[in-house]
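Have a look at the structure below, then the notes.
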Amino acid sequence: MTSRTASTPPTNATPASDRPASYRPTVDLTPRERLEILGAILLALFLFALDQTVVGTSLPRIVTDLNGDSLYTWVVTVYLLSATISGPIYGKLSDLFGRRPIVIWAVSLFLVSSVLSGLSQTMWQLILFRGLQGLGGGAIFPVALAVVADLYTPSERGKYLGLFGAVFGLSSLLGPGIGGFITDNFSWHWIFFVNVPLGLISLVIMFRLLPAIRRPESGRNIDYLGAAAFAAAIGPFLVGLTNKQTGDWADPAVGGLILLGLIFGLVFIWIESRAAEPIVPLGLFRIRSFTISVMGMFLAAIGFFSAAIFLPRWFQSVAGASATESGYSLLPLLAALIFSAIASGQIVARTGHYKALMFGSLLLLAAGLLLLTNLRADTPRPTLWVWMIVAGLGMGPSFAVFTLIVQNSVDTGCVGVATASLTFFQQIGGTVGLTIAGTVFAGRMATEVPAQLLNSGVPRQLVTQFSGGSGSGGSLDLTGTGNLGQLILASVPVQARASVAPLVPNIVEGIHQAFSIALASTFVVGIVGALIAAAAMLFLREVPMRATFGLPEGVSGDGVPDGGIPNGGVPEPSEPLPGGLSPVPARTGHPAFEPALAAATAPDRAGPRPTARRLPCA
């Protein structure tokens with residue numbers, strides 16, 4: 001089947017020229033074709049999300065085979081860098097050139113680089129091809145969400161956006177097991193090859209059905225300078241945050257790179273304020289709904305990703321679980337997240353209200369993280385599961401509803417860049433949260449190790465050997481995995497082992513307790529973030545989900561009228577619309593506003609109307 005353009009109307013449809021602009025769908029497809037495209041997008045997104053969890057499980061084997069111990073972190077860092085930097089750029093390009101060429105290019109690049117990663121023979125080859133994978137994967141998530149905005153109006157969209165959060169939760173559950181199984185029974189090369197068959201299915205469906213949307217003038221105003229400045233700002237910033245795991249804030253490789261990134265960030269803002277088609281339109285941040293949603297997503301990600309990354313460390317280091325088992329130990333957290341993401345989307349789709357939902361969910365996230373601060377070495381598993389469920393229920397709505405709010409507050413020409421900006425701040429929030437949490441963990445570990453060893457009955461002369469919180473004799477990692485008792489005994493001089501051996505259980509108990517307390521303290525960072533985000537929701541202006549694709553003329557993204565049109569034009573007219581469109585039943589509870597919107601969308605009868613202020617997307 002040949003590809004179609006969005007300008008081709010269905011045979012039984014009202015001519016596009018007779019429709020009010022805000023009622024015109026971005027693409028004209030049958031319900032079945034829409035569902036097929038949605039399935040293909042979800043499949044591509046699943047591969048992108050699965051790749052991150054599968055590779056993490058197999059990295060130790062990969063590094064061993066390729067002799068790349070010193071480059072271990074770069075396999076993950078280069079992917080994070082290229083995906084994070086390219087996301088907003090792809091979002092803008094999808095607004096200029098349409099979703100179809102961007103998403104097809106992204107999935108194709110992801111699949112080709114997956115094959116090349118699987119064929120890698122050296123660590124540098126793998127790092128290069130993982131960077132290319134990130135360039136492909138960076139477009140899949142934001143552009144996939146933008147495709148949904150092309151298929152469904154905001155009032156319908158909530159039913160489907162929850163599935164995107166569910167896909168990420170499902171990939172987190174399946175990824176460790178799939179990665180471990182393939183690595184143990186075949187080879188690590190196949191964790192990259194397995195992407196290809198499913199990816200090709202997704203690619204074929206999108207190639208056949210996803211229409212092309214063209215803007216002839218788009219190629220004239222690409223913001224190359226802004227894209228370069230954006231990359232120059234985010235690259236050093238993310239590398240500096242990553243280096244904080246092994247360095248101090250004052251190190252040039254940490255604080256120096258972060259400062260350099262912030263300087264380039266100021267340059268980027270200056271460039272964007274003058275660009276004709278900026279990569280990230282600064283006008284978006286004048287829309288209260290957009291700004292509060294971005295801030296809320298950033299702060300919520302700080303709390304959630306700290307729990308998602310640090311809890312598996314507790315299961316491995318304290319509970320003695322394997323890497324695969326620790327991944328599955330997050331099942332209560334992720335199952336609750338999947339459930340609440342889907343449920344929240346359905347609630348918003350049915351009621352049109354979201355402000356109270358987001359305020360309550362962020363308070364619930366803070367409550368779940370507060371419960372997790374009580375984590376100790378002897379915490380019963382069922383109790384921990386309950387705490388994780390509370391946190392997961394609180395986080396789920398953020399993955400679905402913030403996207404819906406952002407897309408509801410912008411016009412169709414801005415959906416791609418607005419959605420990409422939201423996902424960008426989600427990724428940055430997670431990275432910043434992990435960096436701060438890691439700093440808190442290291443500092444608290446240094447103080448808790450000697451205190452808990454003394455509480456466990458370890459003699460003071462032995463406690464001094466562990467007071468640094470990182471090892472005994474500078475070589476023992478107290479936060480690693482494996483049998484800690486055996487590692488401690490092996491690090492003791494042979495002549496002293498007989499006297500230390502009876503104290504090993506006490507030493508292990510003290511270190512595990514110190515580890516648990518230090519890890520629990522990291523959740524305070526997330527609590528603060530969730531509470532600030534909840535407070536921000538109080539300032540959110542709730543604009544009901546519109547049943548139109550674009551914003552009605554004369555209305556801003558916050559529902560503020562330019563000429564007396566209230567509530568974002570969401571209350572639909574109760575009388576037949578021009579061009580033979582059927583009226584949409586009013587569900588907003590504002591019947592007094594219906595004549596205003598009807599007047600806004602009716603054909604001109606008394607001469608041209610004043611030009612209305614549109615959303616600043618440039």
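Computed from heavy atoms alone, side chains included, the values below leave out hydrogens, waters and symmetry copies.
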Kindly determine whether W387 and T379 satisfy side-chain contact (heavy atoms from CB on, under 4.5 Å), including the steps that lead there. CA-CA 11 Å; W387 298 346; T379 298; 3.9 Å; yes

Before you tell me yes or no, could you show the steps for S521 and T373 under side-chain contact (heavy atoms from CB on, under 4.5 Å), namely the whole-Å CA-CA distance, both residues' side-chain angles and the distance that decides it to 0.1 Å? CA-CA 6 Å; S521 66; T373 60; over 6 Å; no

Audit row: L257, F237, side-chain contact (heavy atoms from CB on, under 4.5 Å) steps and yes/no: CA-CA 6 Å; L257 286 177; F237 184 77; over 6 Å; no

Does R460 form a side-chain contact (heavy atoms from CB on, under 4.5 Å) with L454? I'd like the steps, not just the answer. CA-CA 7 Å; R460 188 172 296 274; L454 289 173; 3.7 Å; yes

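Across L357 and S344, no two heavy atoms sit closer than the pair CD2-CB, 3.8 Å. Residues S361 and P397 come closest through the heavy atom pair CB-CG, 3.7 Å. Of all heavy-atom pairs spanning H189 and G118, the tightest one is ND1-O, 2.5 Å. In this structure, S456 and N506 approach most closely via the heavy-atom pair O-ND2, 2.8 Å. What you find for S293 and L422 is that their closest heavy atoms are O-CD1, 3.8 Å. In terms of heavy-atom proximity, I532 sits nearest to L299 at CG2-CD1, 3.6 Å.
For the pair Y90 (side chain) and L135 (backbone), a donor-acceptor distance under 3.5 Å is present. Between the side chain of T522 and the main chain of A437, no donor-acceptor pair closer than 3.5 Å is present. No donor-acceptor pair under 3.5 Å is formed between the side chain of E448 and the backbone N or O of A518. A donor-acceptor pair under 3.5 Å links the side-chain atoms of D251 to the main chain of D248, judged by distance alone. Although no hydrogens or angles enter the test, the distance criterion places a donor-acceptor pair under 3.5 Å between the side chain of K355 and the main chain of L540. T291 places no side-chain N or O within donor-acceptor distance of the main-chain N or O of R288, the cut-off being under 3.5 Å. In this structure, H512 contributes its side chain and S317 its backbone to a donor-acceptor pair below 3.5 Å.
Atom CD1 of I234 sits about 10.0 Å away from atom CG of L81, to the nearest 0.5 Å. Once rounded to the nearest 0.5 Å, the distance linking CG of D65 with CE of M123 reads 10.5 Å. Of the inter-residue distances, the one linking M395 atom CE with L337 atom CG reads 7.0 Å to the nearest 0.5 angstrom. Summarising the geometry, atom CE belonging to M537 is positioned 6.0 Å from atom CE belonging to M358; distances are rounded to the nearest 0.5 Å. In this structure, CH2 on W385 lies 9.0 Å from CG on L331, to the nearest 0.5 angstrom. Here the CZ-CG distance, from F359 to L364, works out to 12.0 Å after rounding to the nearest 0.5 Å.
Using a 4.5 Å cut-off on side-chain heavy atoms (C-beta onward), R376 and F515 make no contact. When side chains are defined from C-beta on, F298 does not count as touching Q426, because their heavy atoms never get closer than 4.5 Å. V525 places a side-chain heavy atom less than 4.5 Å from the side chain of V440. Counting heavy atoms from C-beta on, the side chains of L371 and F523 never come closer than 4.5 Å. The shortest side-chain heavy-atom distance between Q452 and I511 does not fall under the 4.5 Å cut-off. Counting heavy atoms from C-beta on, the side chains of F310 and L434 come closer than 4.5 Å. No side-chain heavy atom of T423 sits less than 4.5 Å from a side-chain heavy atom of F402. Counting heavy atoms from C-beta on, the side chains of P312 and L330 come closer than 4.5 Å.
For F193, the CZ atom is densely surrounded, since the number of other residues' heavy atoms within 6.0 Å is greater than 12. Annotation for F305: atom CZ counts as buried by contact number, over 12 foreign heavy atoms lying within 6.0 Å. Shown here is F285, whose CZ atom has more than 12 heavy atoms of other residues, nucleotides or ligands within 6.0 Å. Heavy-atom contacts from other residues, nucleotides or ligands closer than 6.0 Å to CH2 of W249 number more than 12.
Aromatic rings from F424 and F230 are positioned such that their centres are separated by under 6.0 Å. Aromatic rings from F304 and F399 are positioned such that their centres are separated by under 6.0 Å. Between F48 and F141, the gap from one ring centroid to the other reaches at least 6.0 Å.
Cation-pi contact between R313 and F441: present, with separation from the ring centre below 6.0 Å and deviation from the ring axis of at most 45°.
Judged purely by distance below 3.5 Å, without hydrogens or angles, the side chains of Q133 and S114 pair a donor atom with an acceptor atom.
Tested against I62 for a side chain to side chain contact (heavy atoms under 4.5 Å, CB included), the candidates L126, T183, V75 yield a single pass: L126.
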